[in-house]
Protein chains: 2
Amino acid sequence: MRRKNYHHGHLKNALISAGIEILSKEGLAGLSIRKVAKKAGVSHAAPYAHFADKQALIAAISAEGYRRLYDELSSAVESHRDNPQQMLVEVGWAYIQFAMKDPEHFKTMFSGVIEQEKDYPEFREMSQKSFELLVTLVRDCQEAGFLISGSADMVSISLWSLVHGFVLLLLESQISHKLLERMSVRTMLIFLLNGITKKGIEVTEIELPTSRV
Amino acid sequence: MRRKNYHHGHLKNALISAGIEILSKEGLAGLSIRKVAKKAGVSHAAPYAHFADKQALIAAISAEGYRRLYDELSSAVESHRDNPQQMLVEVGWAYIQFAMKDPEHFKTMFSGVIEQEKDYPEFREMSQKSFELLVTLVRDCQEAGFLISGSADMVSISLWSLVHGFVLLLLESQISHKLLERMSVRTMLIFLLNGITKKGIEVTEIELPTSRV
DNA sequence: GCACTATCTTGACGGCGTCAAGATTTGGGT
DNA sequence: ACCCAAATCTTGACGCCGTCAAGATAGTGC
């Protein structure tokens, strides 16, 4: 892991890791190639051996984010194979927790990359994988009969839009403070999901003041 | 309107206008104080007489965005005072059109400003006004009996999250191309809204290939 | 062991945000 | 009418930034 001589060895990954750290501490505006390079222990132009430009580094950081998000969503699915209804809640909850754990990384994934017609294949591939996971989940829920009917693609977009929009409004402090005092984020999620499920989802957990996020 | 002598006269507004133009053409990354100053015809440090730093300029640009968004939403409401159901659709549609007309400006409004504990009063005030417009609309729809029941605040957040998330995914090209070929954005909006209304919303307009957005 | 390629360093360029010092204008109080 | 304080704008400077070109160094295949 240490830098011995001229060559680093795993510089590309080191740069991505350093970038994620800086991003989460200082935000996208504070992320610079030179800082990333310094953190990885190389000179200021070394990153250009691995990334065409700053955009490409941000794309790689975003792709890594999608990889982590996919893992979180997957394990939420695995933990509730038997109960599609709870699975839906837990996947939504995992999405929200992922976003709140590292808001800057999450926001960058969805607003820092796509410009012009440049293509970042790994980026698009990982994002597609997550969406397919959601579509499968929706189909299960529809077969179980408690989710609204309609094209699974469109229902998936509904769910994704709903949770994605909600967490972004949350991160941008657009959800009123008063509301957040009365209700935990998880309860809000359940309210949101209840809106587009046929049968209501039970609020199984009593909301305690200490559990508020 | 012209620059005659030393003093500009309406520099603050000129800077905001210039900023919006640059933002919409070159994106947030391409927005610099120096470019804005040049476009307004003043020296590179002149903006500092009106804005504490770049953040403050971006906040002002965002606040102006909220002002315009509020106008759009208001006139959508005014046009359909008699029919709450259609009003809901048209307000959502106005939101989407606003975002698609100037994506960079819209995205900046929701992801460029809030950092640390800084407060930009006009920014928050305009955003709150728009939300209150939505809450009023929701109450009307609930009284008309076709929107799901529950706290008007929470239902408003549901609707806002849904449409906001959807349009952001759209702008970030996260909605699959195949889907967009089969369905217009307006039809998708109606599908989304159908999910959380009691009675379905009629798709009154036949979707023609040429009307696809 | 040699040539080729990938990787990394050094140095330079213009653009950036920001600040300090000074010039110019405006406006209120007398 | 005048003066002075405040507001507004210019000029010049600083360090940081993204990027590129030239060159140094290390690994790789023959």
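By convention in this document, chain letters (A, B, ...) are assigned in the order of the sequence lines, proteins followed by strands, and residues within each chain are numbered from 1.
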TODO: Indicate for each nucleotide in nucleotides 10-19 of chain C, in 5' to 3' sequence, whether protein heavy atoms under 4.0 Å reach the base (B), only the sugar-phosphate (S), or nothing (-).
DONE: BBB---BBBB
TODO: Please identify each residue that fulfils side-chain hydrogen bond (donor to acceptor under 3.5 Å, both in side chains) with A:Arg67, with sequence neighbours left out.
DONE: A:Glu64, A:Glu122
Task: Selection residues 17-61 of chain B - residue pairs positive for ring pair (Phe, Tyr, Trp, His ring centres under 6.0 Å), sequence neighbours left out - done: none
TODO: State the CZ-CD distance between A:Arg186 and A:Gln97, to the nearest 0.5 angstrom.
DONE: 8.0 Å
Task: Partner set under ring pair (Phe, Tyr, Trp, His ring centres under 6.0 Å) for A:Phe106, not counting sequence neighbours - done: A:Tyr95, A:Phe110, A:His164
Task: Counterpart residues, side-chain hydrogen bond (donor to acceptor under 3.5 Å, both in side chains), relative to A:Lys54 (two or more places apart) - done: none
TODO: Establish, with yes or no, whether the OP1 or OP2 oxygen of C:dA6 is under 4.0 angstrom from a side-chain nitrogen or oxygen of A:His50.
DONE: no
Task: Pairing residues for B:Asn13 by the side-chain hydrogen bond (donor to acceptor under 3.5 Å, both in side chains) criterion, not counting sequence neighbours - done: none
TODO: Can you tell me the distance, in whole Å, between the NE2 atom of A:His10 and the C1' atom of C:dA6?
DONE: 16 Å
Task: Between C:dT26 (C1') and B:Leu11 (CG): distance, integer Å - done: 15 Å
Task: A:Leu15 CG - C:dT7 C1' separation (whole Å) - done: 12 Å
